[in-house]
Amino acid sequence: MPEGHSIHRLARQFTSVFTGETLKASSPQGRFLEGAGRIDGSVLTGARAHGKQLFLEFDNDLVMRVHLGLYGAWSFGGDSRFRGASSIGAPRRVGERETPNDDDGGSSYGGPPAPVGAVRVRLVSKHGWADLRGPTACEIITQAERDAIIAKLGPDPLNPDSDPARFVARVRRTRTAVGLSLMNQAVIAGVGNVYRAEVLFRRRVHPWLPGVALGEVTALALWEDLVLLMNDGVRAGRIVTTTPQHRSPGSGSSSAVPAEDAHYVYKRTGLECRICGTPVAMAEMGARKLYWCPYCQAD
DNA sequence: CGGTTATGTATAG
DNA sequence: TATACCTAACCGC
């Protein structure tokens with residue numbers, strides 16, 4: 001999936017290319033005909049993200065809520081305003097970055113192409129288009145319903161208004177393993193399986209440590225590191241958690257780091273830890289694969 | 001071409 | 001805990 005950084009990139013993309021535009025909405029796949037009809041012809045007034053939830057807001061006071069789930073993705077195309085990422089969502093390879101727009105970048109735009117694959121929703125302005133495939137959730141809701149959904153989520157490290165103390169108190173109140181709480185969107189919103197494994201490694205926290213045994217300083221350090229990592233993810237369009245001294249020489253900005261150098265432990269089972277050389281371990285936690293270094297993250 | 005896999009979550013039992 | 005959801009890339013045959 002798309003962890004929180006991808007959803008915030010989408011909010012930014014929709015804000016920059018579609019806000020203020022009248023949108024034609026359709027469902028080529030046919031599974032969102034009614035919902036598309038309720039926003040068809042409306043003006044997008046804004047887009048925002050909280051955790052992995054994307055909210056597109058329209059001038060008829062309706063809100064389109066999208067959750068990409070495990071394999072949802074948006075693709076974009078259009079005139080020169082649409083230059084940049086043409087696809088944001090489910091990555092298909094480790095360390096993958098978003099696919100660049102291979103359009104010629106000219107100002108010509110003759111309308112969207114024939115839909116390819118199962119397009120749940122297609123939004124079209126006079127400048128470009130957006131296609132949504134494979135979301136786990138896509139629905140039209142009211143602003144009150146949107147507020148209720150956000151209220152149930154924990155603080156989002158990518159939201160500057162988030163209160164770190166809420167996360168610190170919540171994670172330390174329960175005996176639940178820290179590795180599980182990081183995946184609980186009611187505890188902290190936007191963290192997924194990659195950021196979970198990587199931030200625990202970077203802060204040298206044993207994944208099975210009960211929350212009550214996590215020090216306040218360490219809990220805050222997890223939060224602060226996620227703020228750093230996820231904001232970098234928003235900038236780069238991919239998850240890179242390694243620092244330059246732990247990568248092969250020569251790679252510059254995080255967007256240029258080779259995929260095999262992007263992570264410390266995620267999907268590196270059996271490979272040597274970049275710090276100590278111990279083979280990286282893997283186990284199931286919360287029905288997801290968890291990766292960690294048994295030496296650097298000893299309990 | 002079929003089986004596997006995935007950065008996720010809801011629901012059933 | 002298990003399964004369903006439902007999409008596309010990758011891998012081995």
Side-chain angles (χ1 to χ4, degrees), chain A residues 1-10 27-32 49-54 65-75 85-99 115-122 130-139 141 148-150 152-154 156-158 176-177 179-202 207 226 229-234 236-242 254 257 259-260 262-269 282-292:
Chain A
M1 154 205 158
E3 301 196 24
H5 69 298
S6 298
I7 314 308
H8 281 260
R9 278 178 72 81
L10 283 166
S27 178
Q29 175 201 51
R31 292 188 53 191
F32 193 62
H50 191 101
K52 301 167 190 171
Q53 307 276 344
L54 175 67
R65 177 181 82 93
V66 174
H67 192 299
L68 294 178
L70 190 51
Y71 29 63
W74 286 92
S75 52
S86 70
S87 177
I88 301 177
R92 305 297 180 190
R93 294 185 304 275
V94 174
E96 179 183 27
R97 69 166 309 171
E98 296 159 10
T99 57
V116 176
V119 178
R120 183 80 57 89
V121 180
R122 166 169 281 186
D131 282 352
L132 171 64
R133 292 181 177 79
T136 206
C138 175
E139 62 177 349
I141 61 176
I149 287 167
I150 293 176
K152 286 179 188 160
L153 294 168
D156 180 348
L158 287 173
T176 302
L180 271 180
S181 285
L182 285 177
M183 295 287 278
N184 182 346
Q185 302 299 299
V187 174
I188 183 169
V191 175
N193 207 20
V194 179
Y195 282 126
R196 158 176 82 164
E198 295 295 305
V199 77
L200 287 171
F201 176 87
R202 284 169 52 105
L226 284 166
L229 290 175
M230 294 175 77
N231 274 292
D232 192 56
V234 172
R238 61 189 295 226
I239 301 177
V240 174
T241 60
T242 51
S254 57
V257 173
E260 61 270 23
H263 309 137
Y264 283 104
V265 290
Y266 179 75
K267 270 206 170 171
R268 296 192 72 243
T269 308
M282 188 275 285
E284 297 271 332
M285 179 190 263
R288 306 299 299 280
K289 288 181 177 175
L290 169 73
Y291 307 84
W292 82 104

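Contact annotation: His67(A) does not reach the phosphate of dG8(B) (side-chain N/O to OP1 or OP2, under 4.0 Å). Between Lys267(A) and dA6(B), a side-chain N or O to OP1/OP2 separation shorter than 4.0 Å is present.
Arg288(A) places its CZ atom 14 Å from the C1' atom of dA10(B), with the value rounded to the nearest Å. One interatomic measurement links the two molecules: CG of Leu180(A) to C1' of dT1(C), which rounds to 13 Å at whole-angstrom precision. Per the geometry, CZ belonging to Arg196(A) stands 11 Å off P belonging to dT9(B), to the nearest Å. Arg65(A) has its CZ atom 11 Å from the P atom of dT9(B), to the nearest Å. Distance, Glu3(A) CD to dA6(B) P: 14 Å, rounded to whole Å. Between the CG atom of Leu290(A) and the P atom of dG8(B) there is a distance of 13 Å, given to the nearest Å. Per the geometry, NZ belonging to Lys152(A) stands 15 Å off P belonging to dT9(B), to the nearest Å. Atom OH of Tyr291(A) is separated from atom C1' of dT5(B) by 10 Å (rounded to the nearest Å).
Listed by chain and number, the residues in a side chain to side chain contact (heavy atoms under 4.5 Å, CB included) with Ala148(A) amount to none (sequence neighbours excluded).
For the P atom pair drawn from dA8(C) and dA10(B), the interatomic distance equals 22 Å after rounding to whole Å. dT3(C) sits 15 Å from dT4(B) when the P atoms are compared, rounded to a whole Å.
In this structure, His5(A) contributes its side chain and Leu158(A) its backbone to no donor-acceptor pair below 3.5 Å. No side-chain donor-acceptor contact under 3.5 Å links Arg31(A) to the backbone of Ala118(A). The main-chain N or O of Pro207(A) is never found under 3.5 Å from a side-chain atom of Arg196(A) such that the two would form a donor-acceptor pair. Under a 3.5 Å cut-off, the side chain of Gln185(A) and the backbone N or O of Val191(A) do form a donor-acceptor pair. Side chain of His67(A) to backbone of Gly69(A): a donor-acceptor contact under 3.5 angstrom is found.
Here the rule is ring pair (Phe, Tyr, Trp, His ring centres under 6.0 Å) with Tyr264(A), and of Trp292(A), Phe201(A), Tyr291(A) only Phe201(A) fits it. Checked options Arg120(A), Arg122(A), Gln29(A); the residue passing with Asp131(A) is Arg122(A) (criterion: side-chain hydrogen bond (donor to acceptor under 3.5 Å, both in side chains)).
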Between the protein and nucleotides 2-6 of chain C, are there any N/O to N/O pairs under 3.5 Å, and if so, what are the atom names and distances?
residue : atom : partner  : partner atom : Å
dC6(C)  : OP1  : Arg31(A) : NH1          : 2.9
dC6(C)  : OP1  : Arg31(A) : NH2          : 2.2
dC6(C)  : O5'  : Arg31(A) : NH1          : 2.9
dC6(C)  : O2   : Tyr71(A) : OH           : 2.0

Pairs: protein N or O with nucleotides 11-13 of chain B N or O, under 3.5 Å:
none

Full working for side-chain contact (heavy atoms from CB on, under 4.5 Å) between Ser6(A) and Leu68(A): CA-CA 10 Å; Ser6(A) 298; Leu68(A) 294 178; 5.6 Å; no
